[in-house]
Amino acid sequence: MTTQTTGILRNASASAALFCAFALLPLSGCKKPVDDATLTKNVQTALAADDAIKQQPVQVAVQSGVVTLSGNVSDDTASAVAAQDAAKVAEVKEVVNNLAIDGVQVAPTVVTPAAPTTPRQTTPAERTAIAQNQPLPPPPPNNPPPPAPTYRDVAIPAGTAIPTRITQTLDSAVTQAGAPFNGVVTREVVVDGAVVIPAGSAVSGTVVEAKDATHFKGSSLLSIQLTALRRHGKLISISTDAYSVEGKGRGKNTALKVGGGAAIGAVLGGIFGGGKGAAIGAAAGGGGGAVVQGVTKGEQVQIPSESVIRFRLTNSITVRTSETPSNYEPTQPGLQTR
């Protein structure tokens with residue numbers, strides 16, 4: 001083989017190697033972004049894989065890598081866990097948490113994949129876009145992370161009011177003494193400048209006394225009280241005064257009896273719950289939190305679903321918190337304690 005032929009072969013080999021290197025560059029240097037449809041499935045898979053929330057009805061929508069969660073979950077813990085799970089999915093830019101808590105609509109928050117200690121509040125422009133189903137505006141510039149929260153123990157004294165929306169109907173015709181019932185705190189409870197019970201916290205209680213009008217000399221009675229509070233996933237035993245509704249005998253008007261606590265009224269269900277609450281609350285009228293089905297022949301009494309009742313603690317409990325209250329009016333016109 002001549003020297004000239006050898007040189008030609010060497011040049012050809014070098015050219016081929018150079019061509020291969022350039023041909024492989026796009027494969028090694030670029031990563032195809034995940035499209036919104038795939039990202040939606042990935043987030044849904046992540047939520048379904050979490051045993052803590054896989055039964056929660058969470059809807060997922062994705063636009064340009066921004067995930068919006070909507071639906072109605074059981075409590076604030078489920079809402080926070082769903083947002084954190086979604087933020088951990090690869091290629092997610094931000095998570096807009098628009099979940100309602102057991103029928104109570106709360107202000108949306110935005111969680112970044114970095115999962116900051118405190119999710120930032122949505123901006124007015126973002127809230128407008130969410131309400132109008134419009135694309136979200138660009139996120140605000142990253143600010144320095146907030147300082148670590150300072151926790152402290154706060155005693156909730158006896159007598160503190162816990163505004164509670166009942167989530168099921170109790171009827172003297174069928175309800176038995178000792179039967180459990182559930183509810184949700186409608187407004188955050190603030191003590192010593194700190195949020196000790198967040199809005200949306202789940203509560204449970206017991207029917208203390210129940211009398212069927214047909215078996216107790218024509219009079220009907222329902223008496224209930226709270227026994228437990230779920231705060232940030234932790235169950236706390238509590239004791240409250242009893243809230244009672246009593247129907248008079250035949251031919252007499254029906255009376256409302258409150259044992260220390262005070263009813264705000266089922267009509268408030270529409271204010272705090274929205275949707276279903278508005279309809280039920282309107283039907284309930286201004287009866288102080290309970291509806292009586294009639295005034296003749298000792299008919300039964302009810303505490304309807306969506307009734308809002310101000311139970312009051314009869315014991316003092318201590319909680320650990322770092323939360324500060326949001327801006328709200330402590331009372332609203334017409335919501336006076338009886």
Side-chain angles (χ1 to χ4, degrees), residues 72 74 102-104 161-186 202-230 237-312 314 335 337-338:
N72 186 24
S74 59
D102 201 11
V104 178
I162 304 179
T164 301
R165 178 170 56 83
I166 305 301
T167 57
Q168 65 199 84
T169 295
L170 302 174
D171 193 319
S172 61
V174 294
T175 301
Q176 301 294 321
F181 67 90
N182 298 308
V184 62
V185 177
T186 58
V203 294
S204 57
T206 301
V207 177
V208 179
E209 191 173 5
K211 290 183 179 180
D212 184 345
T214 60
H215 294 90
F216 292 91
K217 298 181 180 180
S219 296
S220 55
L221 173 68
L222 281 174
S223 184
I224 62 175
Q225 65 181 166
L226 297 184
T227 57
L229 161 72
R230 186 170 294 278
S237 295
I238 61 174
S239 176
T240 69
D241 58 1
Y243 166 70
S244 301
V245 184
E246 182 177 13
K248 295 296 183 181
R250 298 182 180 181
K252 296 181 179 180
N253 292 329
T254 304
L256 171 68
K257 181 180 68 177
V258 179
I264 294 179
V267 69
L268 302 186
I271 297 176
F272 297 111
K276 173 185 174 186
I280 297 176
V291 166
V292 180
Q293 294 180 329
V295 295
T296 61
K297 295 186 178 181
E299 292 183 340
Q300 311 296 347
V301 291
Q302 286 187 347
I303 300 177
S305 175
E306 306 298 316
S307 296
V308 176
I309 301 169
R310 292 178 69 91
F311 293 96
R312 292 188 181 275
T314 57
L335 307 190
T337 298
R338 292 187 179 183

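In what follows, residues are counted from 1 in the order of the sequence shown. Just the heavy atoms: all of them, side chains too, but no hydrogens, waters or symmetry mates, feed the values below.
- Here T206 pairs with T227 under the side-chain contact (heavy atoms from CB on, under 4.5 Å) rule; sequence neighbours left out.
- Checked options I224, T175, T169; the residue passing with I303 is I224 (criterion: side-chain contact (heavy atoms from CB on, under 4.5 Å)).
- A donor and an acceptor atom, one from each side chain of Q300 and S172, are located under 3.5 Å apart.
- Contact of the L170 side chain with the Q168 side chain is registered, since non-hydrogen atoms from C-beta on lie closer than 4.5 Å.
- Take A202 and apply the side-chain contact (heavy atoms from CB on, under 4.5 Å) test, not counting sequence neighbours, and it matches R230.
- Without hydrogens or angle criteria, T164 side chain to I162 main chain gives a donor-acceptor distance under 3.5 Å.
- The main-chain N or O of N182 is found under 3.5 Å from a side-chain atom of T167 such that the two form a donor-acceptor pair.
- A distance of 8.5 Å separates CG of L226 from CD1 of I309, quoted to the nearest 0.5 Å.
- Inter-residue side-chain proximity for V301 and L221 is flagged as unmet; no heavy-atom pair is nearer than 4.5 Å.
- The shortest non-hydrogen separation linking D171 to Q302 is OD2-NE2, 2.8 Å.
- Partners of S223 under the side-chain contact (heavy atoms from CB on, under 4.5 Å) rule, at least two apart in sequence or in another chain, are V208, E209, A242, S244.
- A donor-acceptor pair is defined here as one N or O able to donate and one able to accept, closer than 3.5 Å; such a pair exists between the side chain of D241 and the backbone of R312.
- Between T314 and S239, the side chains place a donor N or O and an acceptor N or O closer than 3.5 Å (distance only, hydrogens not considered).
- In this structure, S305 OG and F181 CZ are separated by 12.0 Å, a value rounded to the nearest 0.5 Å.
- Atom CZ of F311 sits about 8.5 Å away from atom CD of Q225, to the nearest 0.5 Å.
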